[in-house]
Structure formats: structure tokens, C-alpha cells
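Report on the following structure.
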Amino acid sequence: MNHQTIQAGGTPRIADPIGMEVFSNRLLTITEDMGNTLIRSSFSTNIKERKDCSVGLFDRHGRLIAQASHIPLHLGSLRGSVQAVLERFPAETIEPGMAFISNDPYLAGGTHMPDIALVTPMFAEGELRFFTANIAHHSDVGGSVPGSISAASRTVFEEGIRIPPILVVENGRIREDLLDFIASNTREPEERILDLKVQIATNERGNAALDGLVRQMGLAQVEQAIEDILNYTALRMKMRIGELGSSRGSFVCHLDDDGSGGDPVPVAVSVWVENGNLVFDFSGTGPQAKGALNVSRSALEASVFYAAKALLDPQLMPNEGMMAAVDIRAEKGLIINAQFPAAVGARSITCQKIVRSIFGAFREILPESRALSSGNDDLPTIVFSANHARRAGTYVYLETIGGGGPASAETDGMNAIHVHVTNTSNLPVEALEHEYPLMVDEYSLVERSGGAGRRRGGLGITRQITALRDGTIFSARSDGHKFPATGVAGGGDGATAHLYRNYGLPTEQALASKVTHLVLAKGENIRIETPGAGGYGLPSERTDAEVERDLADGIIAAGDLPLYGR
């Protein structure tokens, strides 16, 4: 089977469209089962409760075949990890009973150190045919701060253990010494070992399902169906690109700073069609940051691929075929294509701004009816750590928090939602307070945070937490304190974010969007308010009934009525 059938300039061929559709759902069933296994069996709250993980299937050439509907940004880590394995371990040297582990953005195609990938080869008829892969965000992998990510980190050497592609299973046996080595470089070694073993078992379950599929259908038919899926996806993406014509769009948004308190950093993109390819040119974007907001190439690609799919064809399967006609132009040394040894721990914040710029640029390309306002377009993350309440050692509680979702011509923005390249769940209050010596004072919507419009922007989230132990270490990485989510077609901007220490107390203090190693005494609190989204259309066009309902629900206040012409 020729693995070069996906070509940007060619016309893909589909041998069996009906069989392909049935088969694609079989593959998605396997990935969903793998994902459910990983989530249900894990030990850390970040994986079992918040679902900060993803799984995928790849062919023997490292091409993505299918990915479960988890986290778009993990697409970059999964692809990069499989490709790095094949570069370090040529296919002819890989044997049954092997599995590989990695995380490093420069050595292993990862996006940041806490995302640890497991890659397992699958053999059929005596030869390497596929790879199952999964990735999970571990709450701590060592480094200078609990949670392993500080926006102020200067190099990757401060961000935890670096793992190039390494054999973690050999001859069917887990290398316990390697797991011990990795875990010993983290703050919660037992949790790391247990979750890594779940990741290994998840791929084995996926391999068993693939083996059953091959035995049922036959290897030749399976491989042909995969080629059909990739070719169909490539053809459908090229058709969508062809519908754009000669339009061109540009947009610039800004990060609050470079992670170290510097000046705002622009993230700029221009988009156009050239020779049948969709070009994303990031000229005008700011240079590599001093802090940890830098993005590796694999994370850049994942962000662009997500945006192209979401804007042009949301139902398109995320696989290698959709990437063939996407041309990404970004010089090395920019914040969105950083060079070693730049710190990348907080890369998700910048990835969200990459997507904000792309969605903004498409406002000039797509009809106004398909445009979207800016969402919260951030990934506010809070980390608490102290001595554990019920056992020896320390805990690391990490949570990424949603915000306002974008408004469209048809609908209001969703409230309290993760947007774009992230897709994790919240940690329920009950689970948080049961697991950690912390108390949740408030968990609510940020009133009046959505931008006004015919369709209002979604509201942000308030999370206020009190430390129940002295010496609790707190860190945060966030953005959107200076630059709001913009409205579209006359819609208003969303509210900016806020972070406070000791909110409502005499010692109340407003904090910057990036905080590292703040030590809290028992009884001190942290309050975060995430950004709201922009609105769509003129506020005066919102109906009286909708305005009255918003007022009754506390989404707006009486002082906002003049915005709506009331």
C-alpha cells in the first residue's frame, strides 16, 4: 500500500465510500473505548475527573488515522510523539512487546513536559502495521514549582523531567526501573507510576481491538479502508478551501506580556488560498518570549489544524488527510515557533491566541453570518500545593478553568466553557474538597462579563478557594487581564479577567495574570475571574424578552440597559 497517496496537489481516490463510512465509525469506537478506559482507570484527579488526556490511532508510517474527541491541542503531541519514535527507532527495529514513552517538545515532538505520551506498536501478519497512542497531562513532573509550569520559567530545564522517546515496555514487560526513575523526579511518585501503568494498559486494549478488527475484515481491506478515509478527508478539505476563492484575511491579537512581565506580545496571522492550499502566514508575530509562553512547532500545527477544521468543516474527521493542503509559514524564533531551549510550559495560552487570530482573520473571508466573536480564548490555570491532609507527602491540585464562549449570528455564547484547543472538565467542588485541604468559597458565573449584542457573549467563571493549611503554595498562569475578547458585527467586548488574593478581606490584593510560588497562610483565599466573550450584532437588535430574561437571571444589570437602547 502506497503511503504517499495523500498529496496536496493531487486528486485523492476513494475505492469504497460506503464501506469507508462504516469503517470510520469502527475506528472511532476503538478510540472512544481507549479514552474511556484511560479516564475510568486513572488515579489522579486531573485525568479521572478533568479528563485531561487524549488517544489516537496511527498507521505504520506515523500518519494519524483517528483521534477521540478529547483535546485538540493533544493532536500535536500525539503526532509529534509517534513521528519522534519512528525517527529514533526505525520501523524495522521495532518488535512486538515494545512500548515507548516521551514528553519533550524538542526531543520528542511534544508540546510541554506534563503531557506524557505512550506509543505502542501493533503487529498483524508478523509485521508492524499500526500504533496506538495516548497522552495524559500529569499534575506534576518535577521542575522549579509544584505543577511544573511557571509562566516565568526561562528554559525547559526548569520545567521538569525531559523524556526523549525511550522503551518503557520491552519483551512484554514494563521497565519498572525506568518508571521509578521518572516518578522519582516528580512530587507525587506513586500517582505518576499508577497513571503511567494505566496509559500502558490503555494502548494494549486498543491493540487488542485493532487485532480483532483485522481478523474480522482482513488486513488488506482494513488498509484500503484507511486509505479511503485519508483520501476522502483530503478531498473534502480541498473542496472547502476551493470555496474560499481569492479572499484574504488578517488579524492581530495580543498576549498581556511575555510571561516575565514584559510588554504585550502580538500574535498576527494572514490567511489566503494559494495553489489550492490554505496558507497561514504568521509574519508580524512577536519574538520568542523570555517566559514560558513559547509554542513548539507541533503545538502550532495542532492549533492551526484545529482552527481550519472548526471554521471550514467541523464534522471533518481529524486525521492526516485534513492536513495535506494546509501551509503554515512561521519563522523559527517567533513565540509561536520557538527554538531550544525556550520554556514552553504555558504554551496553551499562546495557542489560544493563535486560534483567536485565525478566527479573527476569517471574519474577512467568510460571510458575516458565519463569523464568530472572540471567546475567552485563554486557558487560566491555578495550582495549589501543600502537605497532604490524609497521607504522607504533598499534593498538587491543578485545574484549568473555562470562560465565556463566542457568540454567533444564531446563538448567544455559552457560559463557563472551555473553548478551542482545550476541552477538559471542571473538578467538582465535592471532589476537590474531599481530595485536598482546600475549601471552595464560591464557584459561579461572572455576572455582566459577556459582551453586549444581538447575541450576547458567554460569561466567565469565578472560582474562589481558601487554603486550610499554612504554607500552601499557589501559582497561576493566565491572560486576558489587559485585552478583552472582541465583538463582531457591532457586538460589544467581553470583560477582562481578574485575579485576587484575600478577596473581601482587609488584606485584599489584585494580582497580575501570572503568579509563581505565592505562599498562603491558613485562611487566605485566591479568587480568579475568567474572561467573558464578545457579543455579535448591535445590542439594540436584541429583543425585549431576551433583555428582560438576562436582567432577571443576573447576566446583565439595570445599568447595562442603555447599551441595549432600553
Side-chain angles (χ1 to χ4, degrees), residues 30-56 67-74 77-78 99 101 103 112-118 120 132-142 146-149 160 168 174 179 182-183 186-206 209 348 379-386 388-402 416-418 422-438 440 443 461 463 465:
I30 294 174
T31 60
E32 292 299 333
D33 179 68
M34 289 174 63
N36 290 336
T37 299
L38 179 55
I39 291 165
R40 289 198 308 264
S41 305
S42 292
F43 291 80
S44 64
T45 58
N46 201 49
I47 303 173
K48 71 180 180 182
E49 296 281 359
R50 298 193 55 255
K51 306 176 182 65
D52 198 345
C53 56
S54 294
V55 303
Q67 182 186 19
S69 55
H70 292 159
I71 299 175
L73 185 54
H74 283 169
S77 297
L78 284 171
I101 188 171
N103 74 341
H112 72 172
M113 252 65 81
D115 283 348
I116 299 180
L118 266 294
T120 305
T132 52
N134 70 71
I135 192 165
H137 183 123
H138 291 256
S139 58
D140 185 272
V141 291
S148 309
I149 301 173
V168 68
I174 295 175
L179 287 191
I182 293 171
T186 75
R187 290 172 174 84
E188 293 183 279
E190 181 181 20
E191 191 175 87
R192 294 291 76 72
I193 288 176
L194 292 172
D195 281 347
L196 288 171
K197 287 185 175 180
V198 170
Q199 288 185 254
I200 293 170
T202 295
N203 283 355
E204 291 173 353
R205 184 177 177 92
S348 55
L379 191 65
T381 305
I382 54 176
V383 181
F384 291 82
S385 181
H388 207 283
R390 297 185 303 277
R391 55 180 168 81
T394 61
Y395 72 87
V396 178
Y397 155 57
L398 174 149
E399 181 162 12
T400 60
I401 305 175
I417 190 75
H418 278 260
T422 65
N423 192 30
T424 54
S425 300
N426 71 316
L427 182 58
V429 171
E430 297 83 357
L432 192 161
E433 293 185 337
H434 174 76
E435 189 78 19
Y436 309 114
L438 299 167
V440 179
Y443 187 34
I461 295 175
R463 186 80 125 163
I465 297 174

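Bear in mind that the values here come from a model prediction, so they are computed numbers and not experimental data.
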Taking atom CD of Glu204 and atom CE of Met34, what is their separation to the nearest 0.5 Å?
10.5 Å
May I ask you to test the Asp33-Arg205 pair for a side-chain heavy-atom distance under 4.5 Å?
yes
Results of side-chain hydrogen bond (donor to acceptor under 3.5 Å, both in side chains) for Thr120 - residues two or more places apart only:
Asn203
Does the side chain of Val198 come within less than 4.5 Å of Arg40's, by heavy atoms?
no
Shortest non-hydrogen separation from Ser54 to Leu78 and the atoms involved:
CB-CD1, 4.3 Å
Under 3.5 Å donor-acceptor, Glu433 side chain and Val440 backbone:
yes
Quick one: which of Ile71, Ile47, Asn423 gives a side-chain contact (heavy atoms from CB on, under 4.5 Å) with Asp52?
Ile71
Restricting to side-chain contact (heavy atoms from CB on, under 4.5 Å), what partner residues turn up for Ser148, sequence neighbours left out?
Pro114, Asp140, Val141
Minimum heavy-atom separation for Ser77 and Ile135, please, with both atom names.
CB-CD1, 3.0 Å
Once rounded to the nearest 0.5 Å, what's the spacing between atom CD1 of Ile149 and atom OG of Ser139?
10.5 Å
Those residues at least two apart in sequence (or on a different chain) that pass side-chain hydrogen bond (donor to acceptor under 3.5 Å, both in side chains) with Thr202 are none
In this structure, CD of Glu430 is separated from CD of Glu435 (nearest 0.5 Å) by 13.5 Å
Please identify each residue that fulfils side-chain hydrogen bond (donor to acceptor under 3.5 Å, both in side chains) with Gln199, with sequence neighbours left out.
Asn134, His138
Taking all heavy atoms of Glu49 and all of Ser425, pick out the closest pair and write down the distance.
O-CB, 3.8 Å
Value for CD1 (Ile401) from CD1 (Ile382), rounded to nearest 0.5 Å, stands at 4.0 Å
Results of side-chain contact (heavy atoms from CB on, under 4.5 Å) for Thr422 - residues two or more places apart only:
Gln352, Leu379, His418
Looking at Ala183, is its backbone amide N or carbonyl O close enough to the side chain of Thr186 to form a donor-acceptor pair, meaning the two atoms are under 3.5 Å apart?
yes
For Tyr395, ring pair (Phe, Tyr, Trp, His ring centres under 6.0 Å) partners two or more places apart:
Tyr436
Tell me, do His112 and Asp115 make a side-chain contact under 4.5 Å, heavy atoms counted?
yes
Check Arg187 against Thr394 and note the closest heavy-atom contact, atom names and distance.
O-OG1, 3.8 Å
Using atom types as modelled and distance alone, determine if a side-chain donor or acceptor of Glu399 lies under 3.5 Å from a backbone N or O of Leu427.
yes
Value for CZ (Phe384) from CD1 (Ile465), rounded to nearest 0.5 Å, stands at 4.5 Å
Run the side-chain contact (heavy atoms from CB on, under 4.5 Å) test against Lys197 and tell me which residues pass, sequence neighbours left out.
Ile174, Glu176, Leu179, Ile193
Can you name the residues that form a side-chain contact (heavy atoms from CB on, under 4.5 Å) with Asn103, not counting sequence neighbours?
Met113, Ile116, Ile163
Give the minimum heavy-atom separation between Leu398 and Gly147, together with the two atoms involved.
CD1-O, 4.5 Å
Could you work out, with side-chain hydrogen bond (donor to acceptor under 3.5 Å, both in side chains) as the rule, every residue matching Arg50, not counting sequence neighbours?
Asn46, Thr400, Thr424
Would Glu188 and Val396 count as a side-chain contact (heavy atoms from CB on, under 4.5 Å) here? Give the steps.
CA-CA 8 Å; Glu188 293 183 279; Val396 178; 3.7 Å; yes
Quick check: closest heavy atoms across Gly206 and Ile30, and the distance to 0.1 Å?
O-CG2, 4.2 Å
Taking side chain as C-beta onward, heavy atoms only, is Val55 less than 4.5 Å from Thr132?
no
Any residue meeting salt bridge (Lys or Arg N to Asp or Glu O under 4.0 Å) with Glu191, in chain and number order, not counting sequence neighbours
none
